[in-house]
Every structure is written in structure tokens, then in C-alpha cells.
Amino acid sequence: MKILRNKYFILGNIALLLAAIPLTLLFISRQQDIRSRAAPTTRITFAPTAVSFEGGQCSPQIVTVRLDPGENIVSTVELFLTYDATKFGISIAVNKNVFPDPNGILRGPTIQSGQASVIMDVGFNVENLIQAPVDIATITITPIAATTGGAVNLTIDNSKTRVLSQGAGDGDTENVFMSGGQSAISINAACLTGGTGGSPTATPTVSIAPTLSISPTQGANQAPVCSTLTASPSASGSAPFALTLTAKGSDTGGTITKATFNFGNNTVQDVTVGLGTAAVTTELSHTYQTAGVYSASVIFTDNSGALSSSCVAQITVNASSQASPTPTTGGIAPTATPTPTPTIENPGGLGTTVAIIGGLLLVILGGLALIVL
């Protein structure tokens, strides 16, 4: 009988040890999970990643700056760029739908000697915190000189760019920026001498008679203008969210031949049907399947290949929510009894220590009990 009691005692100690081991591993894994969520995961990229200025396409072109926060919750972006100022010039336009000013902080843009910077902040409204991929700015590229021996790059300076996050575990001054991209810029010499954006030189024509006549200089083509971009029935809804974007534009001295819609979720579509006039109104439908904040835009192209500046509309897509019906009995809905949720304080500190010490004590007590018995 004594042996039987000893056997149960041994089995009890073993059961306690087996319970302590997974508990200890649980606390350690939760600590590692918290640390991983605080890690830098924010990326900033350019779209497109390559821009080419050819003979018939020398007007300024637009590059979109896209921010993907990953697991971070972004509040501030300090963006630094480098580029070859001898080959092209740039201008930066911040997306005010993402960084509303003066509610937020906007310093810059500052552009000088092949370097540019701009500091953007969402302000004090926590609803403006960035938790999904979004276009934060656009950069206009203007060619200056031909690139020889390959393209030159517009690059995000990874050593200076900083991104601050309000996520759990992220410090107030902790940089959560992970990596930045670049866009390769190619400029053909023919673009600068005879392209759309160039300035053709007037050529004097001499007749047989001693009279010199000079042909008039043809003026540079004017880029089309995008006036409005609207969303209907509204600019916000729940996924899947279907809407129609309507864009209006005009062109002086030419006709608009194409409208390029960018829905902000890596979906780009051209519209050419119904265009071909100086003033156009065109629309395109799209369905957003995933929740997030998207910067939809449109750019017009005229019959000479010139591009308009982009019109931008912010689209907010909320997560789909379907309320479950509450069963009723006799017309009165039963009240669900809330299940108490256990609270674990500081899983990465005291809890881990207690679990490890408790496990060690159980091992020691079990060993002593075996010796005594």
C-alpha cells in the first residue's frame, strides 16, 4: 500500500513538471512575439521603378512614393532623397489626404544640389495613423540633360530616412524604417532636341532673291490639365467596396487621347474609348476587396504624348462586418454571460521569472521526494 502511495506521489510530481514546462514556453513565446511586433517593418518604394524620356515623350513625368507600414503604425515620415541634379530636376507634392496640414507637421520639401527632404506627420488625430499601404507623395521628374552610359537613379537615402510608429512596443523616437527603393531615370538626347518637352531651334530659310525670311518658331506643346477626380456613390465603404471614379480634364491646343487610372492597390488601367477631344469626362468602375486607405489617381495624356499632373482621391475601405442574429426565447433575447478573461501582467518580465523558478522548485521537490522514499 505504501508503494502504491509512493507511485501516485511520483506521478503527481511528474504531472506538475509537465504542466510547468508548457507554461514557461508560453510566456517566453509571448515575449518574443511582442518583440517581433516592435521590429522595423516599414518600406518606402517608387512606382514606376523606371522612367524613360524618349524622342516623343519629354514632358515631365510623375513618380509615386508609396509607404507600406507592415506591422508598424506610422505617425511620422522623414523622407530623404538623392539624385543626379545635372541630369534631371524634381519637385515633391505631399498627399494632403494622408498628411493633413496644418493639423499635422509638414516641413519642406527642401531641394538642393542633388538632395531633397520632406518631413510629414499625421498630427494629433489617431484616426490618421497609417496602418495600410498608401501613396504619401508624388515626385515630378523634369529632364535636363541626356543620360549616357546607363540610367541614373532617384534613390531613397536609407541612412537618413526615418519613420516613427505608435505601435505597441515602439518607442517614441524608435526608427521603424526598414528599406527604401529607387527609380531608374533614362533621358534620350533626341528628347531634349526634338521631343515634346524640348525647344526646337528656329531655322532661317534663304530664298533666291536677296530677301531673308525666317520661319516662325513652333511653341512647345502645353500639357493637359486634370481638373477633378470624384468617387461615387461615396469615397468610403466596407469590403468588398464597389465604386466608380469620374475624372475631368482639358487640353489647350490639342486633344486628350488617354486617361490612366491608378486605384492605389497595384491596379492600373487605361481608358481611351470616348476621348479624343479637348475637354473630356471619363469614368471607370472598380471593386476594392481588402480593407485599407487607398490613394486613387488619374493622369491624362494628350495627342502629343504630354502628361497632366495627377488628380488624387482618397478611398477608405473598412473591414466587412456582418452582425450575427441574437436568438430569442419568447420575445426576450437571452443575455450572454461574459467569460472572464485571465490577465497576465508583463509576460516578458515577472511572469517568465515566476514560471521558470516554479518549474525548478518542482524539479527539486520531486527529486527530494524520490530520495526520501
Treat each ILVMFWY residue as a node, draw an edge where side-chain heavy atoms are under 4.5 Å apart, and state whether [X] and [Y] are in one component.
{"X": "Leu79", "Y": "Val134", "result": "yes"}
{"X": "Ile62", "Y": "Tyr294", "result": "no"}
{"X": "Leu129", "Y": "Val74", "result": "yes"}
{"X": "Ile92", "Y": "Met120", "result": "yes"}
{"X": "Val225", "Y": "Leu307", "result": "no"}

Legend entry - Sequence neighbours excluded - ring pair (Phe, Tyr, Trp, His ring centres under 6.0 Å) pairs with any residue from residues 131-156: none

Inset, instruction - For the residue pair Val65 and Phe46, establish whether any side-chain heavy-atom pair is separated by less than 4.5 Å. - result: yes

Inset, instruction - Using side-chain contact (heavy atoms from CB on, under 4.5 Å) as the criterion, point out the one residue from Val280, Asp251, Asn303 that pairs with Thr257. - result: Asn303

Inset, instruction - Under the side chain to side chain donor-acceptor pair (under 3.5 Å) rule, collect the residues that match up with Ser297, sequence neighbours excluded. - result: none

Legend entry - Derivation of the side chain to side chain donor-acceptor pair (under 3.5 Å) call for Thr76 and Asp121: CA-CA 4 Å; Thr76 304; Asp121 188 279; 2.3 Å; yes

Inset, instruction - Report, as yes or no, whether the 6.0 Å neighbourhood of atom NZ on Lys248 holds more than 12 heavy atoms from other residues, nucleotides or ligands. - result: no

Inset, instruction - Evaluate side chain to side chain contact (heavy atoms under 4.5 Å, CB included) for Ile185 paired with Tyr83, printing each intermediate quantity in order. - result: CA-CA 10 Å; Ile185 312 299; Tyr83 65 99; over 6 Å; no

Inset, instruction - If the plane angle is over 60° it's perpendicular, under 30° parallel, otherwise tilted; pick one for His286 and Phe263. - result: parallel

Inset, instruction - Would you check, one step at a time, whether the test side chain to side chain contact (heavy atoms under 4.5 Å, CB included) holds for Leu81 with Ile156? - result: CA-CA 5 Å; Leu81 309 173; Ile156 295 175; 3.9 Å; yes

Inset, instruction - For Thr267 and Asn265, run side chain to side chain donor-acceptor pair (under 3.5 Å): C-alpha distance rounded to whole Å, both residues' side-chain angles, the deciding distance at 0.1 Å, then the answer. - result: CA-CA 5 Å; Thr267 302; Asn265 60 350; 3.2 Å; yes

Legend entry - Derivation of the side chain to side chain contact (heavy atoms under 4.5 Å, CB included) call for Asp135 and Arg66: CA-CA 4 Å; Asp135 296 336; Arg66 187 164 184 81; 2.9 Å; yes

Legend entry - Contact summary for Ala239 and Ala291, nearest pair of heavy atoms: CB-N, 4.2 Å

Inset, instruction - Check step by step if side chain to side chain contact (heavy atoms under 4.5 Å, CB included) holds for Val163 and Ile44. - result: CA-CA 10 Å; Val163 177; Ile44 303 177; 4.3 Å; yes

Inset, instruction - Sort out for me which residue in Asn175, Asp68, Asn72 forms a side chain to side chain donor-acceptor pair (under 3.5 Å) with Thr42. - result: Asn72

